[in-house]
Trainee: 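Right, I'll just put the structure down here and ask away after.
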Amino acid sequence: MATVIARREVGPSTCSNGSRGLGGDPRWDVSWKSENPPRGLPTEFLEEGTCNWNKVGERVEVIRVTKNGRTKVYQDVIHAGRESLELAAWMFAIVTVFGVPLAWLQFGLTRWWRRLRAETRTENPRSV
């Protein structure tokens, strides 16, 4: 786990939709403080020029990789999956609350309309 301790915008370059930021966001230098750093790595570290939506003080599960003197942070993909699951649960609830009654209403109106047409046919038979 790591906490964002500082953010600084570093340029007008924008992030793509596939990055950790939102589409069109600027790049940031993000300072992190690790709660339990791996052996040999400092507690505080800097992620330079990244697309990142995390706010100062936000605590996030991350994987830190150091390569060629630069630090790359990968955020917990399970957390993102949980957000998708929450969205799916909300969509299911909305469809259940609104969609099922509307489907029953359509079913009932269709049956009523067919019954009304059948009664009208028997009361007013066409002449031959």
Side-chain angles (χ1 to χ4, degrees):
M1 297 297 289
T3 304
V4 177
I5 55 176
R7 284 173 50 115
R8 183 176 61 87
E9 190 174 332
V10 293
S13 62
T14 58
C15 300
S16 67
N17 284 335
S19 63
R20 285 172 35 216
L22 303 173
D25 282 355
R27 294 194 177 274
W28 300 86
D29 281 349
V30 180
S31 297
W32 296 85
K33 182 174 184 176
S34 180
E35 293 177 10
N36 201 4
R39 185 176 302 181
L41 292 176
T43 301
E44 292 186 9
F45 58 96
L46 177 68
E47 184 182 19
E48 297 176 284
T50 185
C51 297
N52 186 311
W53 68 85
N54 300 110
K55 302 204 179 333
V56 174
E58 188 173 357
R59 186 172 173 252
V60 183
E61 189 172 347
V62 298
I63 298 170
R64 172 175 37 160
V65 177
T66 304
K67 185 175 181 183
N68 298 332
R70 290 187 57 124
T71 300
K72 178 71 178 161
V73 172
Y74 298 94
Q75 287 192 6
D76 176 24
V77 292
I78 295 172
H79 179 70
R82 275 188 234 126
E83 290 171 357
S84 298
L85 185 60
E86 288 173 11
L87 176 64
W90 275 108
M91 291 304 295
F92 177 77
I94 290 169
V95 167
T96 302
V97 169
F98 295 109
V100 171
L102 288 175
W104 274 108
L105 178 64
Q106 180 185 5
F107 175 72
L109 288 175
T110 304
R111 287 189 58 188
W112 172 77
W113 180 250
R114 286 182 184 157
R115 188 176 298 150
L116 182 66
R117 288 185 61 203
E119 289 172 2
T120 307
R121 280 193 203 127
T122 57
E123 291 174 5
N124 301 323
R126 292 186 180 185
S127 59
V128 179

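Numbering starts at 1 and runs along the sequence shown. Just so it is clear, the structure is predicted and the values come from calculations on it, not from any experiment.
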Trainee: Minimum heavy-atom separation for Pro37 to Pro42, with atom names?
Mentor: CB-O, 3.9 Å

Trainee: What I'd like to find out is whether the side chain of Lys33 reaches to under 4.5 Å of the side chain of Thr43, using heavy atoms alone.
Mentor: yes

Trainee: Indicate the atoms forming the closest heavy-atom contact of Val56 with Arg7, along with that distance.
Mentor: CG2-N, 4.1 Å

Trainee: Which residues pass the salt bridge (Lys or Arg N to Asp or Glu O under 4.0 Å) test with Arg8, not counting sequence neighbours?
Mentor: Asp29

Trainee: Considering only heavy atoms from C-beta outward, does the side chain of Trp28 approach that of Val10 to under 4.5 Å?
Mentor: no

Trainee: Could you work out, with salt bridge (Lys or Arg N to Asp or Glu O under 4.0 Å) as the rule, every residue matching Arg64, not counting sequence neighbours?
Mentor: none

Trainee: Nearest 0.5 Å please: distance from the CG atom of Asn54 over to the CZ atom of Arg59.
Mentor: 13.0 Å

Trainee: Could you list the donor-acceptor pairs under 3.5 angstrom formed by side chains in residues 90-111, with sequence neighbours left out?
Mentor:
residue, atom, partner, partner atom, Å
Thr96, OG1, Phe92, O, 2.7
Thr110, OG1, Gln106, O, 2.7

Trainee: Report the residues that fulfil side chain to side chain contact (heavy atoms under 4.5 Å, CB included) with Trp112, sequence neighbours left out, ordered by chain and then residue number.
Mentor: Leu116

Trainee: What pair of heavy atoms forms the shortest contact from Glu9 to Pro26, and how long is it?
Mentor: OE2-CB, 3.5 Å

